[in-house]
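Within every chain, numbering begins at 1; the chains are lettered A, B, ... in the order of the sequence lines, protein sequences first and strands thereafter.
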There are 2 protein chains.
Amino acid sequence: MAWDTARTRQLLLDAAVEEFAEHGPEGARVARVATRAGINKERIYQYFGSKEKLFVAVLESELQKLAAAVPLTDEQAADLGDYAGRVFDYHHTHPHFVRLLAWEGLLCQDRVAAECERTDHYAEKIATVTAAQRNGTLTDAVGAGELMHAVIALTASWFTLPQLTRMLMSPAARSGPEHQRAALVTVVRRLTS
Amino acid sequence: MAWDTARTRQLLLDAAVEEFAEHGPEGARVARVATRAGINKERIYQYFGSKEKLFVAVLESELQKLAAAVPLTDEQAADLGDYAGRVFDYHHTHPHFVRLLAWEGLLCQDRVAAECERTDHYAEKIATVTAAQRNGTLTDAVGAGELMHAVIALTASWFTLPQLTRMLMSPAARSGPEHQRAALVTVVRRLTS
DNA sequence: TCCATGTCCAACCCATTGGTTGGGAATGAG
DNA sequence: CTCATTCCCAACCAATGGGTTGGACATGGA
């Protein structure tokens with residue numbers, strides 16, 4: 001077998017994504033990452049340097065994935081409800097990112113990884129939304145930033161606050177993901193109509 | 001000085017609230033709780049048994065505080081925007097609870113502390129909202145549970161995802177708490193009108 | 001063939017941390 | 001005064017976990 005350092009690195013990164021998403025930066029165990037990846041622990045330090053740097057790498061990797069997977073075109077900006085639904089679907093099939101984001105929010109009070117790029121990324125989304133607002137296809141009763149914030153908050157909370165969902169929704173036993181998605185889309189559409 | 005065991009217990013609990021809110025259940029250090037409280041570490045084990053049990057005590061304590069501090073009367077249910085604003089104010093002056101809630105959501109996937117009481121508590125709120133909906137003073141376009149979920153999610157995210165706020169809102173530099181509160185109230189009113 | 005590099009393994013180092021223990025001092029009820 | 005209780009202090013224990021090291025084998029290019 002040829003040495004495939006890129007593959008080794010990727011295996012470690014994938015395992016780290018799962019580990020960090022599951023247990024958070026504090027609870028994550030370096031040894032467990034290595035075991036998950038089927039790679040020796042020391043490799044982590046060679047490729048990433050430290051647990052913290054590994055976390056940063058994990059976060060950046062997941063950020064790219066999400067940005068690539070759920071775009072927001074000018075036309076789509078007219079229906080943010082649909083956009084929220086697609087973000088929901090992404091989180092549902094890739095439950096790692098949103099948890100990483102939540103942990104980052106709780107732990108990193110000052111600066112976060114790739115803050116500049118991410119700010120730019122969000123600025124693009126906001127520009128798209130603003131354009132739709134000027135365009136008249138989207139309400140301008142609420143600022144574009146506030147709108148995006150609301151969409152992200154509403155979408156993420158289904159995954160980051162599952163205990164709330166359980167305690168709020170259980171009475172009617174209708175808390176399947178389809179229902180959650182529908183509720184999200186409805187709420188966002190109502191917010192933007 | 002008389003022995004005041006209730007005070008000692010309370011000092012420990014208060015210190016634990018801060019420690020757990022700041023660092024989370026994993027990052028919290030028992031020794032630091034003791035130091036914060038100015039009480040010896042061993043007392044914690046006498047009064048609470050273990051770190052985990054201390055966390056449960058902390059959570060229950062904060063739950064009671066919030067429930068007592070921000071009620072929702074039948075009349076107030078007509079304006080959920082105002083209610084959201086008051087919850088925001090509570091979180092702003094008592095930033096512990098919402099962080100504890102977020103950590104709980106990430107760590108405790110199955111059961112959480114005092115789940116029954118909390119479910120009941122939320123059921124009351126939902127009943128109030130439902131009454132307002134039947135009453136006609138509140139839209140019934142969205143279910144009561146979904147509405148409460150949205151309100152909580154929108155309110156909490158300002159505190160649990162500060163990095164988002166920074167990256168989304170910074171362009172206009174208008175991200176003071178007053179603005180956040182106003183945006184929240186607007187959004188919720190728009191959602192419920 | 002030689003050799004730099006990737007990898008595994010296993011042990012190791014050391015700081016941290018949850019939790020315990022024993023001794024002794026303060027307190028206040030009886 | 002006596003004594004059970006509360007408390008502090010300091011040391012201690014066992015386990016965990018981040019990070020390192022050294023030795024050995026595989027690989028493939030020069």
Side-chain angles (χ1 to χ4, degrees), chain A residues 1-61 99-100 103-104 106-108 112-113, chain B residues 1-61 99-100 103-104 106-108 112-113:
Chain A
M1 167 184 20
W3 290 139
D4 190 345
T5 74
R7 179 173 165 277
T8 302
R9 204 190 127 95
Q10 193 59 47
L11 283 175
L12 284 173
L13 198 57
D14 291 344
V17 166
E18 296 207 8
E19 175 73 13
F20 277 117
E22 204 167 314
H23 304 281
E26 306 259 9
R29 298 288 164 246
V30 178
R32 219 153 39 193
V33 171
T35 307
R36 275 181 198 247
I39 308 272
N40 211 274
K41 187 175 77 160
E42 28 163 359
R43 302 288 90 200
I44 291 175
Y45 294 94
Q46 173 174 328
Y47 282 111
F48 300 97
S50 72
K51 191 187 178 185
E52 263 188 62
K53 288 181 190 165
L54 178 60
F55 181 63
V56 172
V58 160
L59 216 33
E60 288 177 352
S61 158
R99 291 174 60 85
L100 292 169
W103 255 304
E104 183 192 56
L106 287 172
L107 282 175
C108 315
V112 296
Chain B
M1 171 185 13
W3 289 138
D4 190 345
T5 76
R7 179 172 165 278
T8 301
R9 205 191 126 97
Q10 193 59 46
L11 283 174
L12 285 173
L13 198 58
D14 291 344
V17 166
E18 296 206 7
E19 176 73 13
F20 276 116
E22 203 166 314
H23 304 280
E26 306 260 9
R29 297 291 164 244
V30 178
R32 222 155 34 195
V33 171
T35 307
R36 275 181 199 246
I39 306 274
N40 211 275
K41 189 175 72 160
E42 27 161 4
R43 302 288 91 199
I44 291 175
Y45 294 94
Q46 173 174 327
Y47 282 111
F48 300 96
S50 74
K51 190 187 178 183
E52 263 187 61
K53 288 181 191 165
L54 178 60
F55 181 63
V56 172
V58 159
L59 217 34
E60 288 177 352
S61 158
R99 290 174 61 85
L100 293 169
W103 254 304
E104 182 192 56
L106 288 171
L107 282 175
C108 314
V112 295

Enquirer: Checking the side chain of B:E60 only, and the main-chain atoms of B:A113 only, is there a donor and an acceptor separated by less than 3.5 Å?
Expert: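 Flag not set: sc B:E60 to bb B:A113 has no pair under 3.5 Å.
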Enquirer: Out of curiosity, B:T5 OG1 to B:Q10 CD, how far, rounded to the nearest 0.5 Å?
Expert: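 Those atoms lie 11.0 Å apart.
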Enquirer: Starting at atom CD of A:E52, determine the distance to atom P of D:dG17, rounded to an integer number of angstrom.
Expert: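 Taking atom P of D:dG17 as the reference, CD of A:E52 is at 17 Å.
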Enquirer: What does the B/S/- profile of nucleotides 6-13 of chain C look like, 5' to 3', with a 4.0 Å heavy-atom cutoff to protein?
Expert: BBBB----
Enquirer: Roughly how far apart are B:L106 CG and A:H23 NE2, rounded to 0.5 Å?
Expert: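 Separation between the atoms: 12.5 Å.
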Enquirer: Between B:S61 (side chain) and B:A57 (backbone), is there a donor-acceptor pair under 3.5 Å?
Expert: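 No; judged by distance alone, with no hydrogens or angles, the pair does not exist.
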Enquirer: Is there a donor in the side chain of A:Q46 and an acceptor in the side chain of A:R43, or the other way round, less than 3.5 Å apart?
Expert: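 Yes, side-chain donor-acceptor contact under 3.5 Å.
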Enquirer: What is the nucleic acid contact for A:A34, judged by heavy atoms within less than 4.0 Å: base, sugar-phosphate only, or nothing?
Expert: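 If one applies the 4.0 Å heavy-atom cut-off, A:A34 turns out to touch nothing in the nucleic acid.
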Enquirer: Could you tell me the separation between the CD1 atom of B:I44 and the P atom of C:dT20, rounded to a whole number of Å?
Expert: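 Between P of C:dT20 and CD1 of B:I44: 12 Å.
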Enquirer: Could you check how far NE2 of A:H23 sits from P of D:dT16, rounded to whole Å?
Expert: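 Spelled out: NE2 on A:H23 to P on D:dT16 is 15 Å.
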Enquirer: Heavy-atom distance under 4.5 Å between the side chains of B:F20 and B:R99, does that happen here?
Expert: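 Of all side-chain heavy-atom pairs linking B:R99 with B:F20, none is under 4.5 Å.
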Enquirer: Nearest whole Å is fine: how far is D:dT5 P from B:R7 CZ?
Expert: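 Rounded to whole Å, this separation is 22 Å.
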Enquirer: Determine: side-chain N/O of B:R29 to OP1/OP2 of C:dT16, distance under 4.0 Å, yes or no.
Expert: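 Answer no for this pair, as no side-chain N or O of B:R29 is under 4.0 Å from OP1 or OP2.
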Enquirer: Would you mind telling me which of D:dG18, C:dT17, C:dG19 lies closest to the side-chain atoms of A:K51?
Expert: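 For A:K51, the side-chain atoms sit closest to D:dG18.
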